[in-house]
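Read through the structure below, which is laid out as structure tokens, and then see the notes.
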Amino acid sequence: MSVLVIGCGDTGLRVARMALDAGVRCSGLVRQAASVARLRFEGVEALQQDLDSEGLSLPVADQVLIAAPPPKQGTQDTRLVRVLSALPPPRRLVYISTSGVYGDCGGAWVDEHAPLRPLTPRAQRRVDAESRLSDWAQDRGVELVRLRVPGIYGPGRLPIQRLQRGLPVIRPAEAPWSNRIHVEDLARVAWTAMTAAAVESVYNVSDGTPTSMTDYFLRCARHLGLPEPPQIPLAEAEQRLGAQAASFVRESRRLDIRRMREGLGFEPKYPDLDAGIGASIAAQQG
């Protein structure tokens, strides 16, 4: 068995380590020279290429993880087009997508059968990517697994600077539902999806305990010993937080992860935000 991780950053490198621990040969594709050195130090075969350049060349692998994001503009994932044109078909391909493909669900619980109603160009690019991957995989007999992932937190990903700047949060009573996953759990579920004997085509991925971004920021402040951010009405937040932040507060949903738990047999290590935030701080300090 061999593994290729396309976009071998924080999450991808964690998956690569699991592959190496299992005695599996692993290659990781990155863009920066510093990332190449890091992968080689870890024992991962490093491939330095720019996914936005012509002449992309990818090796044969049994299992492929695509953790590289789409480009930042447009409604199509042109980056993925280049990847798929250069990728020899593996036995299984796991793609890290986003739960943003569901759009605003009014706080309802959402399972994998929910319609895709992306509201932002960022989510529309992911829907485009999922569609392209489905066609490509079906034409080539490749097992495709899409992981629909919410906000990722973990070591180096906590909102320390935001809290230090004292940026406001939405009042708890008005804060929309949102979901999170610790980066360690995301890597573990990606590896599980790559190696399980049988998989389904899509899984919602989260810690299974939806709260709100306000709750997340308040908990982070308490764990970090920082002042709690000021609280403002939802309508004011949409005006003050900028276009990208406002796009998040306009969406509310709770991810149903029963398929991940029961079908894939995966249980998050950090189902509780306090435990996950505490472990993240300890890892940063260690």
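One is the number of the first residue; the rest follow in order along the sequence. Predicted, not measured: the structure shown is a model, and the values here were computed from it. Values below: every heavy atom of this structure, side chains too, minus hydrogens, waters and symmetry copies.
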Salt bridge (charged side-chain N to carboxylate O under 4.0 Å, His left out) assessment of Arg219 paired with Asp274: CA-CA 7 Å; Arg219 289 176 190 245; Asp274 286 321; 2.9 Å; yes

Working note: Val3 + Leu65, criterion side-chain contact (heavy atoms from CB on, under 4.5 Å); need CA distance, chi angles, decisive distance, verdict. CA-CA 8 Å; Val3 166; Leu65 172 68; 5.8 Å; no

Stepwise, does the side-chain contact (heavy atoms from CB on, under 4.5 Å) test hold for Glu251 with Trp177? CA-CA 8 Å; Glu251 299 183 16; Trp177 287 101; over 6 Å; no

Check step by step if side-chain contact (heavy atoms from CB on, under 4.5 Å) holds for Phe266 and Val205. CA-CA 10 Å; Phe266 181 85; Val205 173; over 6 Å; no

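Closest approach of Gly28 and Cys8 over heavy atoms only: CA-CB, 3.9 Å. Between Asn179 and Ser206, the shortest heavy-atom distance links the atoms CB-CB, 4.2 Å. The two atoms that bring Arg261 and Glu267 nearest to each other are NE-OE2, 2.9 Å, heavy atoms only. Annotation for Val5 and Cys26: closest pair CG2-SG, 4.1 Å, computed over non-hydrogen atoms. In terms of heavy atoms, Pro210 sits closest to Arg254 at CB-CG, 3.6 Å. Here the closest heavy-atom approach between residue Ile170 and residue Thr214 is recorded as O-OG1, 2.6 Å.
Checked against side-chain contact (heavy atoms from CB on, under 4.5 Å), Ala279 has the following partners two or more places apart in sequence or in another chain: Tyr270. Under the ring pair (Phe, Tyr, Trp, His ring centres under 6.0 Å) criterion, Tyr153 pairs with His182, Tyr216, not counting sequence neighbours.
Sequence neighbours left out, the pairs with a member in residues 25-36 that pass side chain to side chain donor-acceptor pair (under 3.5 Å) are Ser27-Glu45. Under the side chain to side chain donor-acceptor pair (under 3.5 Å) criterion, the residue pairs touching residues 63-80 are Asp52-Arg79, with sequence neighbours excluded.
Without hydrogens or angle criteria, Ser131 side chain to Asp128 main chain gives no donor-acceptor distance under 3.5 Å.
Considering only heavy atoms from C-beta on, Pro90 stays 4.5 Å or farther from Leu4 through its side chain.
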Pair up each side-chain donor or acceptor in residues 108-115 with any protein partner under 3.5 Å, not counting sequence neighbours, and list the distances.
unit_1	atom_1	unit_2	atom_2	d
Asp111	OD1	His113	N	2.9
Glu112	OE2	Asn204	N	2.8

Please report, to 0.1 Å, the donor-acceptor pairs under 3.5 Å made by any side chain of residues 93-101, with sequence neighbours excluded.
unit_1	atom_1	unit_2	atom_2	d
Tyr95	OH	Arg126	NH1	2.9
Ser97	OG	Glu130	OE2	2.7
Thr98	OG1	Gly100	N	3.0

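Ion pairing between a basic and an acidic side chain is recognised when a charged N comes within 4.0 Å of a carboxylate O; Asp10 and Arg157 show such pairing.
Arg180 and Ser178 form a side-chain donor-acceptor contact under 3.5 Å, judged by distance and modelled atom types alone. Using modelled atom types, one finds no donor on one side chain facing an acceptor on the other under 3.5 Å when comparing Thr195 with Arg92.
Geometrically, Arg162 engages Phe217 in a cation-pi contact, judged by NZ or CZ lying under 6.0 Å from the ring centre and within 45° of the ring axis.
The number of heavy atoms from other shown groups lying within 6.0 Å of CZ (Arg140) is above 12.
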